[in-house]
Amino acid sequence: MSFTLATWNINSVRLREPLVLKLLAEESPDVLCLQECKSPVEKIPLEGFHALGYTHMVARGQKGYNGVAILSKLPIKDAGGADYASLGHARHVAGQLENGVTIHNFYVPAGGDKPDREINEKFGQKLDYLTEMRDAFRAEKLQKSILVGDLNIAPREDDVWDHKKMRKIVSHTEIEIEHLAETQEAGGFIDITRQDIPEGLLYSWWSYRAKDWDAADKGRRLDHIWGTSDISNAAHSSRVLRDARGWTQPSDHAPVFATFDL
DNA sequence: ATGGTCGGCACCCGA
């Protein structure tokens, strides 16, 4: 069995319902993981998704902020949602497919502007969130698992438009990258996107503030697909749908895809 | 060093 999975920070699932429908209609991933739905679960618009065959969903939501959802053509059962760092935020949901694969969908805290937990509480919360993810993964010994989402960290030099300029910018600081690496290691995860596309600049996010995001191309790879080592060799065909950043009234993130033959 | 743009929601907070 082969299935294609996509992850997309949608920045309001209600406002951008038409873009979700466009993605589902044109690309038809079997599973779509969304972040920043900014909606209570009961207000996520499901009718159009159902009509396209996405009849299954697991989600966590809240009013106005955060929110994660997994839309699926395949049956998926709720496998929980954690509240790491005890923020009271809807930032994680897990679902299990009938083939036994568990999909973890995360929206890691962005971390504010200043990369110093002494003066910026949000940065400390981001690091604590990653530390608690790491500790949970160590305890759980994950198998047959896929982790996706907006991790709000671009770990590699070629995941950002200018490594030197970004070193002190939240999302590309050494301490964040170390925390992310420990979390990845603890879960036994392989970076599937970079397994498939090992070389070259690769981004999934471009700021709304740029005059011409496409020409300036000051991007970052904040959105990730990881797989545990027992299924990482089944993965292929990774890509970023950069075009979606240029759609009408877009999200500032583009969807990331991978296919697994399992 | 600064400001630039969004979305939610009801004033500014978060990104």
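The structure presented is a predicted model; accordingly, all values stated were derived computationally and were not measured. Chain letters run A, B, ... following the sequence lines, proteins first and then strands; every chain starts at 1.
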Taking the C1' atom of each, how far is dA1(B) from dC12(B), in whole Å? 24 Å
I need the OH-P distance between Y65(A) and dC13(B), as an integer number of Å. 8 Å
Starting at atom NE2 of H253(A), determine the distance to atom C1' of dC6(B), rounded to an integer number of angstrom. 11 Å
In whole Å, what is the span from the CG atom of D252(A) to the P atom of dG4(B)? 18 Å
Taking dG3(B) as the reference, what is the distance to dG7(B) when you measure between their P atoms (whole Å, please)? 22 Å
Check this one for me: any side-chain N or O of R16(A) less than 4.0 Å away from OP1 or OP2 of dG7(B)? yes
Quickly work out the N66(A) CG to dA15(B) P distance and round it to whole Å. 7 Å
Between dC6(B) (P) and W213(A) (CH2): distance, integer Å: 14 Å
Could R221(A) and W205(A) be counted as a cation-pi pair, given that NZ or CZ must be under 6.0 Å from the ring centre and within 45° of the axis? no
If you compare every side-chain N and O of Q249(A) against the phosphate oxygens of dC6(B) (OP1, OP2), does one of them come in below 4.0 Å? no
Nearest to the side chain of R209(A) - dG4(B), dG14(B), dG7(B)? dG4(B)
I'd like to check the ring pair (Phe, Tyr, Trp, His ring centres under 6.0 Å) partners of F189(A); sequence neighbours left out, ordered by chain and number. F137(A), W226(A)
Please figure out whether D113(A) or L15(A) has its closest DNA chain B nucleotide nearer the 5' end. L15(A)
Would you mind telling me which of dA15(B), dC6(B), dG8(B) lies closest to the side-chain atoms of K38(A)? dG8(B)
Please enumerate all protein N or O atoms sitting under 3.5 Å from an N or O of nucleotides 1-3 of chain B, with distances to 0.1 Å.
none

Just the rounded figure in Å: distance from C1' of dG14(B) to CG of L87(A). 13 Å
What is the distance, rounded to the nearest whole Å, between atom CD of Q35(A) and atom P of dA15(B)? 14 Å
Is the backbone N or O of V68(A) less than 3.5 Å from a side-chain atom of R91(A), with the two atoms forming a donor-acceptor pair by type? no
Using whole Å, report how far OH of Y208(A) lies from C1' of dT5(B). 9 Å
Across all chains, not counting sequence neighbours, the ring pair (Phe, Tyr, Trp, His ring centres under 6.0 Å) partners of Y54(A) are none
OP1 or OP2 of dG4(B) sitting under 4.0 Å from any side-chain N/O of K211(A)? no
My understanding is that only one of N105(A), N152(A), N11(A) makes a side chain to side chain donor-acceptor pair (under 3.5 Å) with Q35(A); could you say which? N105(A)
Electrostatic pair K165(A):D162(A) at N-O distance under 4.0 angstrom: yes
May I ask you to establish whether R220(A) and Y203(A) are in a cation-pi arrangement, using a distance under 6.0 Å from NZ or CZ to the six-membered ring centre and at most 45° from the ring axis? no
With heavy atoms under 4.0 Å as the rule, sort R91(A) into base, sugar-phosphate or nothing. sugar-phosphate
Between dG14(B) and dA10(B), how far is it from one C1' atom to the other, in whole Å? 15 Å
Test L241(A) against L23(A) for side-chain contact (heavy atoms from CB on, under 4.5 Å), laying out the working first. CA-CA 10 Å; L241(A) 188 67; L23(A) 183 86; 3.5 Å; yes
Quick check: on DNA chain B, is the nucleotide nearest A210(A) upstream (toward 5') of the one nearest A110(A), or the reverse? Name the residue that is more 5'. A210(A)
